[in-house]
Novice: 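Mind having a look at this structure? Questions to follow.
All values below were derived from every heavy atom in this structure, side-chain atoms included, with hydrogens, water molecules and symmetry-related copies excluded. Values in this document were obtained by computation on a predicted structure and should not be read as measured data. Throughout, residue positions are numbered sequentially from 1 according to the sequence presented.
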Amino acid sequence: MTENVFTPTPASGTGTVPAPDHGGTAAPPARRTAVPDLTWLPPALLVLGLGLWGLSLPLIDIRTMDDYGLLDRLPAVFYGSLLVLTAGFLVSLRRAGTSPGWPLAHCVALLFALKAPPAVLYDSVRYPWASKHDAVVNTILGAGELRPNAALSGNMSAYDQWPGFFTLNAALVRTFGVESTAVYLNWAPIVLGLITLPVLVLIYRTFTEDWRLVWTAVWIFQLANWVGQDYLAPQGFAYVLHLTVLAVVLRHFVRPGSAGRLRDRAYLDPAASAVPPPTTPRQRAVCVLILAPLIVAINAAHQLTPVMLCAALFALTLTRRYRNYGLLVVAGLLMLAWDLTMGRPLFLETLGTLRESIGQLTENSRAGYAGQLTGPGPELAGRAGILMALAAVVLAGIAVLVRRRLTRSALPLLLVSIAPVPLFAVNDYGGEMLFRVYLFGLPGAAFFAAAALVPTAAGARRSRGGVARRRTAAVALPLVLVVLTAGFLPAYYGKETMYYTPPAETELVTRAIDQLPEGGLILATSGSFPQALHRYDQVEHWFFAEQELPENEKMLVDPARYLADRIPPGTTARVVLTRTQDVYTAGEGLLPPGGFAVLRTRLKASPLFTTVEEHPYGIVLSYTSAPARTPASSGGTP
């Protein structure tokens, strides 16, 4: 049965191999007679997999998560559901050409199985830092205006300079009549994933007629998309628009006479699609007009995605097929127009930092503030992420080397995937560049990784080489999909202790900030805790541990004096230390082991700070001005 999954037939094949190529032996008809008997299996495995997944949810205790996050809280039946869904997907590939609905259904089921548990189980926002996006929407609704030139705490004015995503969500909150985006925030990965899926199919169908390859690429994309950039944030929204623009370009911007031998079926890989029909300059100009609003929306929503889009469009101009400078010029001008108007303050500030960051490849490719994950769960998550990225690159490299005819026809997709890499030489994007380059290169990497695993139609021939390739694929594809599933779980859920916050902690933080007068100062170790930027337009925020570890070790010697020397005179200030901050600063290596407990104990014991409220999940301290203070030695005001 496993071999049949990889044997293309008129019922499931690519539509690229004529019937005589399957040979005149009795073996192929014998295989085809078994196909109707298996039509019940994909839906049965789909229902069974979703049923097991549903049964597993009540068994997951999110409140007892420890070192390994959600990993050791997921019951065996949850892992079993993923295996059943994978088996159902593999069986559904057998008839992917005539029944693409079943691979699609399994891909949607995988999306829910992998990313819906937090949305179903959590009673608070996943990713504490996502609450700042809710705060931006609330501020826009309350103020009724944008203030791109205002000097807001925590550099939050950048969100008013790129407000597209937040104004959209403000409209959704008003339309649905909900209290805030927190009502639907945890469902963002599902919604964005469902929107991304058909866009990926359009891109992949541009380069292959083999539905097995299309759906396998989609499946791998979902497993490899562990970077956590699809939550309710401008990046996830702009990423979908970015892929949509590329899908239109790849399908409707082919220059006349540029395909050459790629229109010769004998020259193509058996699974390759013919080059899309060429378009005239007038048709491409109309497409530019259609795409311009999408490009404007990308620029209004996010700072980095327009750069990635321009890099991808430039890479496409390196091919004869898509050598269209008009759209690249329009995209570049729209980006500059936005950066020099609405985004001017942050844009100029970023330009000022390029002199220090340009060319610093090692520094720009670091991850996070400290770049040193600590603790069993974070360390496992870091290693799993690296291995997942390497697996995608290695598999894609194998396909590029082995399936050269497919690589020639799908060269534009390969170039688009490589296009973001040079940005490592420009900036570190706050420790996020590594994840963003991986994310923007992932669609192409997933396609070529699938091409390395799904055999060509030629593999069905009765030759020794064809049989060997088919048998290798029959083992390699299931094995790789299971391994990638095993890698996704620690990469995505290994740091979940940082991401889940008890509602009581959220309420504590909200009370503490609400009690501050306008112009007051809230201090915390990092911004990774719920409601960290609540009232960001009215109070100042200082996340004093978001700096290099040596400076934090110096701070821990006498944290009360360290903070007091840097609080402006006459400022009403409160320190909020929470369980989430403890987990985050330890996991990200911002503080040495036990450093957070030392910080809490010494601040609580200092006469410079008075305890306002204390619970197991957090403490609030009020700053009491000292009669004599030494001048700040460095750092100035926060």
Novice: Are the aromatic ring centres of Y536 and H541 under 6.0 angstrom apart?
Specialist: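 No, too far apart.
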Novice: Go through E505 and T578 one step at a time and tell me if the side chain to side chain donor-acceptor pair (under 3.5 Å) criterion holds.
Specialist: CA-CA 7 Å; E505 182 179 328; T578 67; 2.8 Å; yes
Novice: Check the surroundings of atom CZ in F314: do more than 12 heavy atoms from other residues, nucleotides or ligands lie under 6.0 Å from it?
Specialist: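 For F314, atom CZ is not crowded (no more than 12 foreign heavy atoms under 6.0 Å).
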Novice: For the residue pair L516 and I522, establish whether any side-chain heavy-atom pair is separated by less than 4.5 Å.
Specialist: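 Yes, at least one pair of side-chain atoms sits under 4.5 Å.
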Novice: On a heavy-atom basis, which atom in T571 and which in Y623 lie closest, and how many Å separate them?
Specialist: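 Residues T571 and Y623, closest heavy atoms: O-CD2, 4.3 Å.
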Novice: Would you say CZ of R511 has more than 12 non-hydrogen atoms from neighbouring residues, nucleotides or ligands within 6.0 angstrom?
Specialist: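 Buried by this count: over 12 neighbours within 6.0 Å.
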Novice: Aromatic rings F176 and Y184: how do their planes relate, parallel, tilted or perpendicular, breaks at 30° and 60°?
Specialist: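 Perpendicular.
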Novice: So, do T624 and L608 sit near enough that their side-chain heavy atoms are less than 4.5 Å apart?
Specialist: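 Answer no - side chains too far apart.
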Novice: Taking atom OG1 of T167 and atom CZ of F165, what is their separation to the nearest 0.5 Å?
Specialist: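 Interatomic distance, T167 OG1 to F165 CZ, rounded to 0.5 Å: 10.0 Å.
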Novice: Would you find a donor on one side and an acceptor on the other, under 3.5 Å apart, between the side chain of D230 and the backbone of G236?
Specialist: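 Not a single qualifying donor-acceptor pair exists.
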Novice: Heavy-atom distance under 4.5 Å between the side chains of K604 and F609, does that happen here?
Specialist: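 No, too far: nothing below the 4.5 Å cut-off.
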Novice: Determine, stepwise, if the pair R147 / D537 fulfils salt bridge (Lys or Arg N to Asp or Glu O under 4.0 Å).
Specialist: CA-CA 10 Å; R147 292 163 289 182; D537 59 330; 3.6 Å; yes
Novice: Working to the nearest 0.5 Å, report the span between CG of L577 and CD1 of I619.
Specialist: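 It is 7.0 Å, given to the nearest 0.5 Å.
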Novice: Can you name the closest pair of heavy atoms from A419 and A311 and give their distance?
Specialist: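 Closest approach of A419 to A311, heavy atoms only: CB-O, 3.5 Å.
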Novice: Quick one: closest heavy-atom pair of C310 and L328, and the distance?
Specialist: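 Smallest interatomic distance, heavy atoms only, reads O-CD1, 3.6 Å.
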Novice: Counting the benzene-type ring for Trp, do Y584 and F529 have ring centres under 6.0 Å apart?
Specialist: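 Ring centroids of Y584 and F529 are no less than 6.0 Å from each other.
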Novice: Quick check: H133 with Y231 (ring centres under 6.0 Å apart)?
Specialist: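 Yes.
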Novice: Using ring centroids (six-membered ring only for Trp), state whether F440 and H242 fall under 6.0 Å.
Specialist: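 For H242 and F440, the ring centres are under 6.0 Å apart.
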Novice: Please check: side-chain N/O of N186 versus main-chain N/O of S124, any donor-acceptor pairing under 3.5 Å?
Specialist: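 Side chain of N186 to backbone of S124, a donor-acceptor pair under 3.5 Å: yes, one is there.
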Novice: Main chain of V598, side chain of T601: is a donor-acceptor contact present, judged purely on distance under 3.5 Å?
Specialist: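 Pair absent, no side-chain N/O of T601 close to backbone of V598.
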Novice: Do the side chain of Y493 and the main chain of A381 share a donor and acceptor less than 3.5 angstrom apart?
Specialist: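 Absent.
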Novice: Is there a side chain to side chain donor-acceptor pair (under 3.5 Å) between R574 and Q515? Walk through the geometry before answering.
Specialist: CA-CA 10 Å; R574 290 193 173 182; Q515 290 167 6; 2.5 Å; yes
Novice: Between G69 and T497, which heavy-atom pair has the shortest distance, and what is it?
Specialist: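 Nearest pair, atom of G69 first, then T497: CA-OG1, 3.4 Å.
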Novice: Checking the side chain of T305 only, and the main-chain atoms of H302 only, is there a donor and an acceptor separated by less than 3.5 Å?
Specialist: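 No, T305 side chain to H302 backbone: no donor-acceptor pair under 3.5 Å.
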Novice: Heavy atoms, side chains only, cut-off 4.5 Å: are Y492 and K115 in contact?
Specialist: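 The answer is yes, as the side chains (C-beta and beyond) meet within the 4.5 Å cut-off.
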Novice: Before giving the answer on side chain to side chain donor-acceptor pair (under 3.5 Å), spell out for N138 and S180 the whole-Å C-alpha distance, their side-chain angles and the decisive distance to 0.1 Å.
Specialist: CA-CA 7 Å; N138 291 338; S180 69; 5.0 Å; no
Novice: Evaluate the side-chain proximity of P443 to Y239: yes if any heavy-atom separation is below 4.5 Å, no if none is.
Specialist: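 Of all side-chain heavy-atom pairs linking P443 with Y239, at least one is under 4.5 Å.
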Novice: May I ask you to say whether K495 pairs ionically with D67, meaning some side-chain N is under 4.0 Å from a carboxylate O?
Specialist: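 Between D67 and K495 there is no salt bridge, as every charged N stays at least 4.0 Å from the carboxylate O atoms.
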Novice: Could you tell me whether the side chain of I295 reaches within less than 4.5 Å of the side chain of L241, counting heavy atoms only?
Specialist: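 They are not in side-chain contact.
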Novice: Would you sort out whether N552 and Y562 count as a side chain to side chain donor-acceptor pair (under 3.5 Å), showing the intermediate values?
Specialist: CA-CA 10 Å; N552 283 332; Y562 184 93; 5.9 Å; no
Novice: Spell out, as yes or no, whether a donor-acceptor pair under 3.5 Å connects the side chain of W542 to the backbone of T525.
Specialist: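 Not a single qualifying donor-acceptor pair exists.
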Novice: For residues Y159 and L146, determine if any side-chain heavy atom of one lies less than 4.5 Å from a side-chain heavy atom of the other.
Specialist: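 Y159 vs L146: side chains apart.
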Novice: Are L508 and E613 side-chain neighbours, meaning at least one heavy-atom pair lies under 4.5 Å?
Specialist: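 Counting from C-beta outward, L508 and E613 do come under 4.5 Å.
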Novice: Does the pair E540/R535 count as a salt bridge with the N-to-O cut at 4.0 Å?
Specialist: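 Between R535 and E540 there is no salt bridge, as every charged N stays at least 4.0 Å from the carboxylate O atoms.
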Novice: Salt bridge check: are R73 and E496 linked by an N-O gap of less than 4.0 Å?
Specialist: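 Judged by the 4.0 Å cut-off on N to carboxylate O distance, R73 and E496 do not form a salt bridge.
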Novice: Is it true that, when you exclude E179 itself, more than 12 heavy atoms of the residues, nucleotides or ligands shown sit nearer than 6.0 Å to its CD?
Specialist: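 12 or below, so no.
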Novice: Considering non-hydrogen atoms only, spot the tightest contact between E145 and D160 and give its length.
Specialist: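 So the two residues come closest at O-OD2, 4.3 Å.
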Novice: Counting only N and O atoms by type, is there a donor-acceptor contact under 3.5 Å from the side chain of T244 to the main-chain atoms of V240?
Specialist: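 Looks like yes, one N/O pair under 3.5 Å.
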Novice: For E546 and G527, indicate whether the former's side chain and the latter's backbone hold a donor-acceptor pair under 3.5 Å.
Specialist: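 At least one qualifying donor-acceptor pair exists.
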Novice: Can you name the closest pair of heavy atoms from P345 and P148 and give their distance?
Specialist: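 For P345 and P148, the tightest heavy-atom pair comes out as CG-O, 3.9 Å.
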Novice: Taking the side chain from W338 and the backbone from A300, do they hold a donor-acceptor pair closer than 3.5 Å?
Specialist: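 Not at all, since once roles are kept as given, no pair shorter than 3.5 Å links the two residues.
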Novice: Please tell me whether Y499 and W129 form a close aromatic pair, meaning their ring centres lie under 6.0 Å apart.
Specialist: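 Ring centroids of Y499 and W129 are less than 6.0 Å from each other.
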